[in-house]
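Working notes for the structure below.
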Amino acid sequence: MTGDSGRVWNWLERDLEALARQDRLRNTRRTSGTGTHILLDGIRVLNLCSNDYLGLTRHPDVVAAALEATKEHGTGTASSRLIAGTNPLHEAFEATIAKHKQADSALVFGSGTLANLGAIPALAGQGDLILSDALNHASIVDGCRMSRATVEVYPHKDHEAVVQRLEAAEGQHRRILVVTDGLFSMDGDLADLGGLRAACRENGAMLYVDDAHATGVLGTGGRGSFEHLDVSPEGCIQMGTMSKALGSEGGFVAGPAPLRDVLLNRARPFIFSTAPSPATMAAAAAALAVVGREPERRRRLLTNADLLRRALADLGLSVPAGVGPILPVILGSEQAAMRTMHDLLEQGIYAAAIRPPTVPPGACRIRLTVQSGHDSEELEAAAHTIAKAASAADGKAPRGASVAAAQTTSRATTPTTQGGP
Ligand SMILES: *Cc1c(COP(=O)(O)O)cnc(C)c1O
């Protein structure tokens with residue numbers, strides 16, 4: 001652009017430069033596949049970044065179901081669910097996922113993010129109170145903002161703080177919603193669902209649990225955090241996604257019988273968005289069937305996660321206690337996290353550096369996710385490589401970053417300032 005019409009956009013470059021100066025510039029990377037090994041910018045790496053925990057994006061039954069559905073129903077739905085977009089696959093999946101979650105009804109959204117942006121404002125609005133865990137997923141934070149309810153953030157997993165707040169708030173709000181991740185997406189630890197559920201019951205509050213990462217993964221039947229903790233989900237709302245262990249995409253919200261109809265009347269990201277594709281729904285349904293049929297995938301995943309968690313801790317790394325496939329290695333600064341990621345890449349390991357605003361300043365980390373298909377010896381070896389890279393990054397001075405470097409999408413493994421989410 002030239003002349004005056006271009007000047008109005010000068011701030012775009014300045015904005016990117018500001019991010020680069022803070023080591024917070026992000027970019028996409030060219031990857032192929034979702035498996036235990038992928039090509040990253042053309043180079044084969046061990047993939048410790050995928051949420052395809054059970055390897056279901058490539059499961060023959062899941063792939064076949066998506067192809068079948070496409071042949072029968074076409075590639076797209078061409079309408080919102082409320083006009084002409086609902087086909088039998090949507091309703092069948094909703095019934096199945098509701099049953100799987102031991103809920104009375106469920107509604108599917110185009111993504112997990114849309115589910116939170118839609119459901120939270122449908123459940124709480126002006127005059128209501130939302131209590132939200134400090135480490136909740138960004139889509140919960142945004143859903144809370146969009147609700148126009150009074151939002152109070154409580155310290156991470158501080159069930160006592162919730163109890164106190166609920167007791168103090170008695171009679172002052174139309175409705176109260178307590179919202180939490182089940183398995184926290186950046187820390188890999190579990191909410192105290194038993195305590196929260198009891199507190200909500202006692203004080204007439206609603207409990208909403210985002211179980212994106214535990215769905216298909218935790219519990220003997222793969223039903224999620226409630227099952228793992230042996231807490232009944234009855235009377236609670238369970239949100240989840242088909243985009244992680246279920247190898248597809250989309251989100252759902254499950255709960256009491258009238259919930260589905262309330263959401264489909266009130267949740268704007270449901271009402272004003274095109275229905276998910278037939279392939280998406282069929283893949284998710286097939287994946288859910290595999291979750292039930294092949295529990296050994298879940299067992300292997302958890303064995304792998306335990307192995308890596310223990311190996312990293314034995315090597316002296318700061319890995320918070322947790323359960324399941326998400327393992328953060330806390331490093332502190334942006335520079336330490338970025339440098340570790342770059343060093344690992346050079347050694348053929350892809351692990352995402354996570355920086356603010358995804359995590360609080362000073363809590364930058366490498367976030368590892370394991371898969372059921374990972375080889376245990378390879379994970380052991382990776383732990384040693386990670387420990388070395390992390391300790392090397394610790395003592396070194398920050399490396400300068402430039403916008404130009406970060407914008408390159410060359411095939412080189414040369415470190416750039418690209419990062420994870
Ligand atoms: C991934 C994730 C989401 C968003 O799901 P998408 O299907 O990727 O939009 C929501 N909540 C949590 C806790 C997540 O980890």
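The first residue in the sequence is number 1, and the count goes up from there. Atoms within each ligand, like the ligands themselves, are counted from 1 in listed order.
- Remark: ligand 1 and H213 share an N or O pair separated by less than 3.5 Å (distance only, no angle test).
- For ligand 1, the atoms lying closer than 4.0 Å to a non-hydrogen atom of D181 are 13 (C).
- Atoms of ligand 1 lying under 4.0 Å from at least one heavy atom of S185, given by number and element, are 15 (O).
- Residue contacts with ligand 1 leave out E249, since none of its heavy atoms falls under 4.0 Å from the ligand.
- Of the protein's non-hydrogen atoms, the one nearest atom 11 (N) of ligand 1 is D210 OD2, 2.5 Å.
- For atom 6 (P) of ligand 1, the nearest protein heavy atom (residue, atom name, distance) is G112 N, 3.4 Å.
- Formation of a donor-acceptor pair under 3.5 Å by the N265 side chain with backbone atoms of D261 is found in this model.
- Ring centroids of F184 and H156 are separated by less than 6.0 Å, placing the two rings close together.
- You'll find the side chain of H90 reaches within 4.5 Å of the side chain of P276, heavy atoms only.
- Contact of the L40 side chain with the N47 side chain is not registered, since no non-hydrogen atoms from C-beta on lie closer than 4.5 Å.
- By the 4.0 Å N-to-carboxylate-O rule, R58 lies too far from D52 to be salt-bridged with it.
- In summary, E249 and K244 do not engage in a salt bridge, as defined by a charged side-chain N under 4.0 Å from a carboxylate O.
- When hydrogens are left out, the protein atom nearest atom 8 (O) of ligand 1 is S243 OG, 3.7 Å; that is the closest non-hydrogen contact.
- Exactly one residue among R24, R355, R21 makes a salt bridge (charged side-chain N to carboxylate O under 4.0 Å, His left out) with E334. That residue is R24.
- The shortest side-chain heavy-atom distance between V209 and I237 does not fall under the 4.5 Å cut-off.
- Residue-ligand proximity, S139 to ligand 1, at heavy-atom distances under 4.0 Å covers atoms 10 (C), 11 (N).
- Contacts between K244 and ligand 1, counted as non-hydrogen atom pairs separated by less than 4.0 Å, involve the side chain only.
- The closest approach between a heavy atom of G251 and any atom of ligand 1 is not below 4.0 Å.
- For ligand 1, the polar-atom distance check finds an N/O of T113 within less than 3.5 Å of one of the ligand's N/O atoms.
- Near A212, meaning under 4.0 Å from any of its heavy atoms, are these atoms of ligand 1: 2 (C), 11 (N), 12 (C), 13 (C), 14 (C), 15 (O).
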